[in-house]
Amino acid sequence: MKLPRRLAAPSPGWTAETDVVIVGSGIAGLSTALQITRHSSLRVMLVTKDVLAAGSTRWAQGGIAAALGAGDSPEQHLADTLVAGAGICDEDAVRVLVREGPAAVRDLVALGTRFDRSRDGDLSLTREGGHHRDRIAHAGGDATGAEIERALVTRVLDASGVEIVEHALVLDLEQDAAGAVAGVTLHVMGEGQRDGVGAVRARAVVIATGGIGQVYASTTNPSVSTGDGVAAALRAGAVVRDLEFVQFHPTVAFLGTRSRGQQPLVSEAVRGEGAFLVDDVGARFMQGQHELADLAPRDVVAKAILRRMRETGAEHVWLDARHFGAEKWRVRFPTIYATLTSLGIDPVHDLIPVVPACHYASGGIRTDLLGLSTVDGLYACGEAACTGVHGGNRLASNSLLEGLVFGRRIAATIVESLGPFREPVPLVAAPGLVDDSVRPRLQQLMSEHVGVLRDLKGLETAARELAELAEPAGAVPSGTENWEATNLLTVATVLAWVARRREETRGSHWRDDFPDRDDEHWRAHLDVTLSSDGTLDVEEVRP
């Protein structure tokens, strides 16, 4: 099996130049752009695949975690994060997160983010799975991401020095003869001079493209989450770390066995406010599973749900929040309430049918504490990155904080020490582009064999059939759908490969055939690079 080293794109029909290209417009990309322009006169091009506010951030319901409450501390936040990360967090990265997090959240407030507040005017803080303190700041009840996105988009639109390019898919990184970043190639679905494939020369590139959720049939991720940034970084020779650790959110509204694509999330904050899980006979099956019961870390809850479904033959379990009453549902969780009622579920009187679905990739492009990847001039931030904060399983509501904190760090680094423009070598497209018609089979394979519960037989089946999907089947025309499908196949192949390699159960990676955590042999990261011949190299790296 071989993967393409470049996407089969036509020669650039237009060119542009800027100091920094940021690809992605969620909290990671927006905060990075804003911080650069607040502290320098550098030119920033902010590239987004859809419209500016259409990334994953706006779908974040629960909130953003930081030690802001009385009795809480960064050290307590650190402890909870390390426990959730199952032994392979980078503790230095976690310390950066929890120590710089409170100030970063306060800066969000200063930038205009309207968080919910108590009657005395303090931030209203709640609790989610894995947290031992109330430290989740939220907005609009359950619309935190949308409010943060609104505030940041408003500021970026007002900022001088930021050029916004919408409806643009990142294709590949341009590099000089030594492999350092020289810019990017894009496919823009626009008008005028910037339409079609073009090249942007830049002194640095920041990948903030979000997750890989669309490799699965059911996910909480929006349709734009096709792993484009991770795949582009791989093709440029960057190291991708720990991609096997995919978090499945335990409580996604069950819409039927044939439902596909983005599914409606029922935030963990609902359980944080006192909702609980039951099976078909009303048994609270999380009791005795973990000291935090229904608020255990997400991997524990997701696995417990899957096991109960297997034991009973049920298609889903139930979330019981009927005791909230109508007012609490409408005030605290207005978005979820509206979504559920639109589906014919009245959570005031009905149990909510829920199942786990793909939610968050803890792994991604490996970076250091400044957000720099293993490729000179290439930074990564947010879900596309692997900073080491999440380890084997992300602690709830640490994702928005990570994008914010490390976006600020990347911006500070770029402002202080931005490299020169480099001369790009010509990009030579390689064979390997796949047709978008493979997408349904790819997603089915990943859901069946590389989902919450994994074993060798299923992983070998997935790897074999993914390799078959990668086999050339005649000329495949270049275009957005086929480029996306190729990116999905690239990241799915890496994910299946490292999931098969890790012969243990740790965090969000569960092997039925290796059910125990094995610190002696597997307290390590799996780093993947794409060789010049299109094959994958995997290296075990111990913390």
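Position 1 is the first residue of the sequence, and the numbers go up from there.
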Next on the checklist: Please list all pairs meeting salt bridge (Lys or Arg N to Asp or Glu O under 4.0 Å) that have one or both residues in residues 361-373, counting only residues at least two apart or in different chains.
Outcome noted: Arg366-Asp527
Checklist entry - Any donor and acceptor pair, going by atom type alone, linking the side chain of Ser218 with main-chain N or O of Gly261 inside 3.5 Å? => result no
Item to check | Check: Asn482 side chain, Asp436 main-chain N or O, donor-acceptor pair, under 3.5 Å | outcome: yes
Next on the checklist: Do the side chains of Arg38 and Asp107 get close enough for a salt bridge, i.e. N-O under 4.0 angstrom?
Outcome noted: yes
Checklist entry - How close do His187 and Met189 get, heavy atom to heavy atom, and via which atoms? => result CE1-CG, 3.8 Å
Item to check | Qualifying residues under ring pair (Phe, Tyr, Trp, His ring centres under 6.0 Å), relative to His249, sequence neighbours excluded | outcome: His359
Checklist entry - For residues 216-231, which residue pairs qualify under salt bridge (Lys or Arg N to Asp or Glu O under 4.0 Å), counting only residues two or more places apart or in two chains? => result Lys49-Asp228
Next on the checklist: Using a strict threshold of under 4.0 Å (side-chain N to carboxylate O), is an ion pair present between Glu484 and Arg439?
Outcome noted: yes
Item to check | Side-chain heavy atoms of Thr486 within contact of Pro4, under 4.5 Å | outcome: yes
Checklist entry - Should Arg454 and Glu244 count as an ion pair when the cut-off is N to O under 4.0 Å? => result no
Checklist entry - Leu459 versus Arg511: any side-chain heavy-atom pair under 4.5 Å? => result yes
Checklist entry - Taking the side chain as C-beta and beyond, is there a heavy-atom pair between Pro10 and Ser478 under 4.5 Å? => result yes
Next on the checklist: Going by salt bridge (Lys or Arg N to Asp or Glu O under 4.0 Å), name the pairs with one or both residues in residues 387-406, residues two or more places apart or in two chains.
Outcome noted: none
Next on the checklist: How long is the straight-line distance from CG of Leu378 back to CD1 of Ile365, given to the nearest 0.5 Å?
Outcome noted: 6.0 Å
Checklist entry - Looking at side-chain heavy atoms only, is the closest gap between Glu540 and Leu526 below 4.5 Å? => result yes
Next on the checklist: Are the side chains of Leu52 and Leu157 in contact, using a 4.5 Å heavy-atom criterion?
Outcome noted: yes
Next on the checklist: Taking Arg298 first and then Glu268, would you say they form a salt bridge - that is, a charged N and a carboxylate O separated by under 4.0 Å?
Outcome noted: yes
Checklist entry - Any donor and acceptor pair, going by atom type alone, linking the side chain of Thr57 with main-chain N or O of Ile27 inside 3.5 Å? => result yes
Checklist entry - Do the side chains of Glu174 and Thr185 get nearer than 4.5 Å, heavy atoms only? => result yes
Next on the checklist: Do Arg260 and Pro440 make a side-chain contact, defined as non-hydrogen atoms from C-beta onward lying under 4.5 Å apart?
Outcome noted: no
Item to check | Which residues share a side-chain contact (heavy atoms from CB on, under 4.5 Å) with Asp50, sequence neighbours left out | outcome: Ala54, His167, Val224
Item to check | salt bridge (charged side-chain N to carboxylate O under 4.0 Å, His left out) involving Asp19 - partner list, sequence neighbours excluded | outcome: Arg43, Arg203
Item to check | Validation row: Arg408, Val405 side chains within 4.5 angstrom (heavy atoms) | outcome: no
Item to check | Flag, side chain of Trp483 to backbone of Val170, donor-acceptor distance under 3.5 Å | outcome: no
Item to check | Donor-acceptor under 3.5 Å (Arg502 side chain, Ala524 main chain) | outcome: yes
Next on the checklist: Tell me whether Arg194 is salt-bridged to Glu163, with the criterion being a basic N under 4.0 Å from an acidic carboxylate O.
Outcome noted: yes
Checklist entry - Judged by atom type as modelled, is there a donor-acceptor pair below 3.5 Å linking the side chain of Thr37 to the main-chain atoms of Ala33? => result yes
